[in-house]
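Encoded as structure tokens, the structure appears first; notes follow it.
The structure displayed is predicted, hence computed values, not measured ones.
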There are 2 protein chains.
Amino acid sequence: MAERRRRSQHERTAETSARLLNATIDLLHDQGFSRISTPQIAAQAGVSRGALTHHFATKEELVTDAINAMLERVTADLHRFAEDIAARGGSSDEIVDYIWRMMSDRLFYVTMEYLPEARHNDEFKDRLVPVVKNFHAGLDAIWMALAASRGADPGHTRTVMNASMCLVRGMIAQTVLREDPDYYSEMLAFWKAQVARHFPEKPARAARVAPKPATAPAAKRAAEPNSKPAKSLPARTAPKRGARA
Amino acid sequence: MAERRRRSQHERTAETSARLLNATIDLLHDQGFSRISTPQIAAQAGVSRGALTHHFATKEELVTDAINAMLERVTADLHRFAEDIAARGGSSDEIVDYIWRMMSDRLFYVTMEYLPEARHNDEFKDRLVPVVKNFHAGLDAIWMALAASRGADPGHTRTVMNASMCLVRGMIAQTVLREDPDYYSEMLAFWKAQVARHFPEKPARAARVAPKPATAPAAKRAAEPNSKPAKSLPARTAPKRGARA
DNA sequence: ACTTACAAACAGTCAAGTCTGTTTATTTGG
DNA sequence: CCAAATAAACAGACTTGACTGTTTGTAAGT
């Protein structure tokens, strides 16, 4: 046995809780809400079931706490990204890529697992709504930063933001039944072009690269023509067995 | 006892199966996949549990059959609508409205209930994929009819179609946690304007009503300015207790 | 000493699938 | 055409297994 330092109560609680919360998210992602049980979560976390029940009275409490912790982590990242974007005046393409990566990296898969529960369980839903609101505030910060730096209308920018989020949600839902990377990368490229059209060029910078006719057949094949070649665009399609973050 | 006509075996099977399949979809919509049980379905259908097990060996079989039946119904409607659109040359606004109505009228709520199951159960998924493909063929027919009548590029039209579907999926997912009719109607109006931009006017008809600048701040408030005032646009927000169709 | 963290056994519930028995329709031999 | 034979539709009890929440007991920290 390795030297096991004496840990304070607070440390023990923090570690055990964290293990359980992480295990819950991992299993939620990998197996789904209806398939996970408290014995399984305890096993995955490497603690006894008694420890689990000690820290979380009910399964519902454990799951909502786990989701809240996840959303708070993601929201913190979001706010950091917003500051970064505001500082260096990033492009809308960058934002779309970020959202896609964030959402398809477990976040929306986990969301899809608990949405049905939230739809039928008001207490569950009520616990989630506030932290989800906070998450949306993070999103708003990002887009408002872009709107400010480009002099775009905030109200209209919010509509574009909301549409972007909903589009990505729908795309990720679609990955469950449809495996086709081209389908997703084409749609992302199309959407980036759409979003870019709503933000005028930065006032500081001078000329536009290619004005491009803004009429109907705007982007016959909107795949490549836009900015970045393809850093790590789409590719993710419903990863069932994901390693932990 | 009221006069109970002698029914053929075939009639009895058809009726009992139909009752069970309908009850399954109703309960799937109202309670969710994880909450429904075979005793409950039998009760809702007004048949005994024995009758249920006689016609459907497993719960999985019952549920997939029920979903398939629903999707086939919706797909039939879709093809009818496609013919109709082709015949009278409807607008893209009309199509967007139709899709929104169709999806938010239980279809995508039911889908959200079974997607998690499909994600973790390959057999379940494999049973669904073919009928979902057929559904998408119906969608394709609609949009290709529009593209043909407007002389739009089919490939690009498909991208717009896919984006429309994903957007609507994401919007409906969002209704679970966010109740805000304006949010949805604004987004729909915005999207209709986007889609309309990709279809040139009908060659037969003469003048355009209002060309409208297609530049950045295209629709500062895109709520009313588009075509139809508002027939039965959005309004639906996560109806938990829906009457049967 | 006393409280908190952890461990494990326990009790109650309920689902899915199987099995046995009963009624209703269809087939068939006279 | 009818009655016996057969098959299908239906009804409900039973088995097994698993999960949640509870309780009782032990070890670690304050």
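Ring geometry, Tyr109(A) versus His29(A): the interplanar angle exceeds 60°, so the pair is classed perpendicular (tilted spans 30 to 60°).
Using a 4.0 Å heavy-atom cutoff across all strands shown, Arg12(A) reaches sugar-phosphate atoms only and no base atom.
With rounding to whole Å, Arg35(B) atom CZ is found 15 Å from dC14(C) atom C1'. Rounded to a whole Å, the CD1 atom of Ile41(B) is 12 Å from the C1' atom of dA16(C). One atom, CD of Glu11(B), and another, P of dA8(D), lie 18 Å apart when rounded to the nearest Å. Rounded to an integer number of Å, the gap from His10(B) NE2 to dC10(D) P is 13 Å. Taking atom CD1 of residue Ile36(B) and atom P of nucleotide dC14(C), one finds them 17 Å apart after rounding to whole Å. Between the P atom of dA5(C) and the CZ atom of Arg49(A) lies a distance of 18 Å, rounded to the nearest Å. Rounded to whole Å, the distance from CG on Asn121(A) to C1' on dT20(D) is 15 Å. Straight-line distance from the CG atom of Leu20(A) to the C1' atom of dC6(C): 12 Å, rounded to whole Å.
Looking at the side chain of Ala51(B), the nearest of the listed nucleotides dC10(D), dT18(C), dG21(D) is dC10(D).
Note on Arg88(A) versus Asp84(A): salt bridge recorded, some NZ/NE/NH1/NH2 to OD/OE distance being below 4.0 Å. Under 4.0 Å is where a charged nitrogen must lie from a carboxylate oxygen, and between Arg35(A) and Glu117(B) at least one such pair does. Contact check on Asp122(A) versus Lys125(A) returns no salt bridge, with no Lys/Arg side-chain nitrogen under 4.0 Å from an Asp/Glu carboxylate oxygen.
Comparing Pro39(B) and Gln9(B) by the nucleotide of DNA chain C whose heavy atom lies nearest to each, the residue mapping closer to the 5' end is Pro39(B).
A sub-4.0 Å separation between OP1 or OP2 of dC6(C) and a side-chain N or O of Thr16(A) is present. Proximity of Ser48(B) to the phosphate of dG12(D): no side-chain N or O atom is located under 4.0 Å from OP1 or OP2. Remark: Thr38(A) is not in phosphate contact with dC19(D), judged by side-chain N or O atoms under 4.0 Å from OP1 or OP2.
Partners of Ala45(A) under the side chain to side chain contact (heavy atoms under 4.5 Å, CB included) rule, at least two apart in sequence or in another chain, are Arg19(A), Leu20(A), Ala23(A), Val47(A).
Rounded to the nearest 0.5 Å, atoms SG (Cys166(B)) and CE (Met161(B)) are 10.0 Å apart. For the atom pair Leu167(B) CG and Met171(A) CE, the distance stands at 11.5 Å (nearest 0.5 Å). Between Met144(A) atom CE and Thr157(A) atom OG1 the span is 5.0 Å, to the nearest 0.5 Å.
Fit an axis to the five pairs at each end of the helix from dA1(C)-dT30(D) to dG30(C)-dC1(D) and the two axes sit 0° apart, to the nearest 10 degrees.
Tyr114(A) contributes no side-chain N or O that, together with a main-chain N or O of Val63(A), makes up a donor-acceptor pair within less than 3.5 Å.
Across residues 52-69 of chain A, His54(A), His55(A) each have a non-hydrogen atom less than 4.0 Å from an atom of DNA chain C (numbered order).
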